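Each remark here refers to the structure printed beneath this line.
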Amino acid sequence: MAIIEIFCGILVACLAFYYYLVNKYDFWTKRGIRGPKPIPLFGTFKDVLLSKISISDHMADLYKKYKHEPMIGLFMRRQLVMGIHDPDLIKTILIKDFATFSNRGIALNNVTEPLSQNMFFLEPKRWRPIRSRLSPVFTSGKLKEMFSLIIECADVLENNLDTLAASGEPIDFRELAARFTTDVIGSSVFGINMHAMSDKESKFREVGKEFFEVQLKSKLRIILRESWPRLYTFLGYILPRDKITKFFMSVVLDMIDYRKKNDVTRHDFINVLMDLQKHPEKLGDVKLTESLLVSQAFVFFVAGFETSSTAISNTLYELARNQDIQDKLREEIREYYEKCNGEWQYENVNSMPFLNLVFKESLRLHPPVPLILRKAMESYTFKGTKVTIPKDTRIFISVYGIHRDPEIYPNPEVFDTDRFKEDVAATRHPMHYLPFGDGPRNCIGARFATFQTKIGLIKILRNYKVDVCEQTQIPYINDPAAFLLAPNHGIVLKLSKVET
């Protein structure tokens, strides 16, 4: 009898656990919303959670399969997720009813991951005042003030190209571009020389690279943070801080302390953080802790170098495969170089029409943030439908899927700059091109990222040609474990000097 009782107890426990796993899985079907069939423990993201496919590719596949559905029902493990495909609904979420969807829905943990308290992840209460105080750093006026600093870093990049081209060896442009953008961020935003281009052992470059490396440790962190937040917080009290957190906290706080003691003033990002530290009342009832302050510097560092360096290397990859477009762009670069007598100005860079077309098409094929995330702050009914989603439902918008939709962009795999000519672009819905998101929570550094990317391309392409070589990975393969769109390989190309 005892054995039977134990067996029955185990069976009841297993059935209860199974019911817990699947009891929500009829939510979408009851409401007439289509979507893939969920699997216990994984929901509809099994291959993503097992790192077999990137979330970008998975959402793009779902977009393709259910393209003509305005919305689809998904599950992240047990959590409700809605995929949005209809551009008018996307506009409603990102702009019209932004107040309801102002949260990205990414779990934060102030104790275990103090640097996660940055503008990309922050909940609306802290995000709003911080965004309003930091936005002035990235206006066009501020960019003009930073222009000479960006050019200095670009000159260092250009000086290195002669040696690299003369060696005849293939170059990993993803790494080269990352070193360039690391130096740009250091000089123009933080007021320090990070020596990434000249120093192969640059600590800043090492920290940036480690942050974006997807390791087993980072996967376990995400699982614990999302599924067992209390346990994750407890671990934060007993485990030492990771070296990235310790390094960046030390660097930024020491920098602020040095400027205070030596009465150093620079009109840069660190100065804005110092002003917030001096006048915390500007943030209203938001408590300004050291980790909250440093987190804003950290996100601008890692996002600033990674997205722009990827944009530079991806654009070069496409130009290496489309030599006619590369030649036409080089011709424009040289034309404008002559116009400004070799002295690049902010206005010259912004007024180059073909460079702008190349840049936009590159971001269409390879959007830096391929998936826009939002979370419902309250129960919400979509206008014109009978669909109501409960509070905390997550919203996924597949930018990558939209950008590669053949009904929106014919022959989407082809690099075609004509797509962004004014008359052609005017025929598309504005929500069908979202490389930097849209609405109040779009990318605050989009203007800066665009500018440093264009400067990098100008410096590389004016006197040099990039070609594919034996080491070039074709086709381009996305890293299945990365959130930001990135290849699982280097962007290896051949560099050669072009006669002026």
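Just so you know, these numbers come straight off a predicted model, no measurement behind them.
- Remark: K64 does not engage D61 in a salt bridge, criterion side-chain N to carboxylate O under 4.0 Å.
- Side-chain contact check for R179 versus L157: every heavy-atom pair is 4.5 Å or farther apart.
- Looking at I90 and I372, their side chains never come closer than 4.5 Å, going by heavy atoms from C-beta outward.
- The closest donor-acceptor contact from the side chain of T453 to the backbone of A449 lies under 3.5 Å.
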Side chain to side chain contact (heavy atoms under 4.5 Å, CB included) assessment of R321 paired with F415: CA-CA 9 Å; R321 300 179 64 197; F415 191 82; over 6 Å; no

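- Not a single donor-acceptor pair under 3.5 Å links the side chain of T310 to the backbone N or O of T307.
- Residues L122 and I130 share a closest heavy-atom pair of CD1-CD1, 3.8 Å.
- In this structure, the ring of W127 has its center less than 6.0 angstrom from the ring center of F98.
- Side-chain contact annotation: K454 with N356, donor-acceptor N/O pair under 3.5 Å present.
- Scanning all heavy atoms of the two residues, the minimum distance from T181 to S309 falls at OG1-CB, 3.5 Å.
- Between the W28 side chain and the I72 main chain, no donor and acceptor come within less than 3.5 Å of each other.
- Residue F101 holds its CZ atom at 8.5 Å from OG1 of T92, rounded to the nearest 0.5 Å.
- A distance-only check finds no donor-acceptor pair linking the side chain of E413 to the backbone of L365 [under 3.5 Å].
- By the neighbour-count criterion of 12 heavy atoms within 6.0 Å, atom CD of E290 is sparsely surrounded, having that number or fewer from other residues, nucleotides or ligands.
- Taking the side chain as every heavy atom from C-beta outward, E361 and L357 never approach each other to under 4.5 Å.
- Closest approach of V299 and M119 over heavy atoms only: CG1-N, 4.4 Å.
- Within the 4.5 Å cutoff, side-chain heavy atoms of S140 are placed close to those of Y346.
- The structure places CG of D416 at 9.5 Å from CG of N322, a figure rounded to the nearest 0.5 Å.
- Between the side chain of H432 and the main chain of P87, no donor-acceptor pair closer than 3.5 Å is present.
- Cation-pi geometry between R126 and F121 is not satisfied (NZ or CZ under 6.0 Å from the ring centre, within 45° of the ring normal).
- Judged purely by atom type and a 3.5 angstrom limit, R174 uses its side chain to pair as donor or acceptor with the backbone of P487.
- With R364 contributing its side chain and H403 its backbone, the two residues share a donor-acceptor pair below 3.5 Å.
- The shortest side-chain heavy-atom distance between L49 and L41 does not fall under the 4.5 Å cut-off.
- Heavy-atom minimum distance, V349 versus L355: O-CD2, 4.5 Å.
- With hydrogens and angles disregarded, no donor-acceptor distance shorter than 3.5 Å links the side chain of D172 to the backbone of V492.
- A donor-acceptor pair under 3.5 Å links the side-chain atoms of Q296 to the main chain of L292, judged by distance alone.
- Side-chain atoms of L80 and P390, non-hydrogen and from C-beta on, do get closer than 4.5 Å to each other.
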Steps toward ring-ring contact (aromatic ring centres under 6.0 Å, His included) verdict (F451, F147): CA-CA 9 Å; F451 194 68; F147 182 79; 5.6 Å; yes

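- Rounded to the nearest 0.5 Å, atoms CD (E113) and OG (S295) are 10.5 Å apart.
- Annotation: ring-ring contact (aromatic ring centres under 6.0 Å, His included) contacts of Y476 (sequence neighbours excluded): Y317, H366, H489.
- The two residues V286 and K125 come nearest to each other via the heavy atoms CG2-O, 3.7 Å.
- For the atom pair F138 CZ and M146 CE, the distance stands at 6.0 Å (nearest 0.5 Å).
- Aromatic ring centres of F45 and H58 lie closer together than 6.0 Å.
- Contact of the L276 side chain with the L283 side chain is registered, since non-hydrogen atoms from C-beta on lie closer than 4.5 Å.
- Looking only at side-chain heavy atoms (C-beta outward), V466 and I171 stay at 4.5 Å or farther from each other.
- The line from CG of L493 to CG of D467 is 8.5 Å long, rounded to the nearest 0.5 Å.
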CA sep, side-chain torsions, deciding dist, call: F75, V81, side chain to side chain contact (heavy atoms under 4.5 Å, CB included): CA-CA 5 Å; F75 296 90; V81 178; 6.0 Å; no

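- Without hydrogens or angle criteria, E318 side chain to S362 main chain gives no donor-acceptor distance under 3.5 Å.
- For the ring pair (Phe, Tyr, Trp, His ring centres under 6.0 Å) criterion with F269, the lone passing option out of F448, F300, F301, F298 is F300.
- Screening I389, D86, I395, V387 for a side chain to side chain contact (heavy atoms under 4.5 Å, CB included) with M71, the sole residue that qualifies is V387.
- Taking the centre of each ring, Y63 and Y400 stay at or above the 6.0 Å mark.
- Atom CG of D423 sits in a crowded spot, with more than 12 heavy atoms from other residues, nucleotides or ligands closer than 6.0 Å.
- Judged as a salt bridge (charged side-chain N to carboxylate O under 4.0 Å, His left out), and not counting sequence neighbours, the contacts of K459 are D155, E158.
- Scanning all heavy atoms of the two residues, the minimum distance from P435 to P368 falls at O-CG, 3.6 Å.
- The environment of K91 atom NZ is sparse: at most 12 non-hydrogen atoms of other residues, nucleotides or ligands sit within 6.0 angstrom.
- Counting only N and O atoms by type, the side chains of Q117 and S291 include a donor and acceptor under 3.5 Å apart.
- A distance of 5.5 Å separates CE of M377 from CG of N103, quoted to the nearest 0.5 Å.
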T388 and R31: CA distance, side-chain angles, deciding distance, side chain to side chain contact (heavy atoms under 4.5 Å, CB included) verdict: CA-CA 9 Å; T388 298; R31 287 155 180 79; over 6 Å; no

Full working for side chain to side chain contact (heavy atoms under 4.5 Å, CB included) between I93 and F382: CA-CA 10 Å; I93 289 166; F382 290 93; 4.1 Å; yes

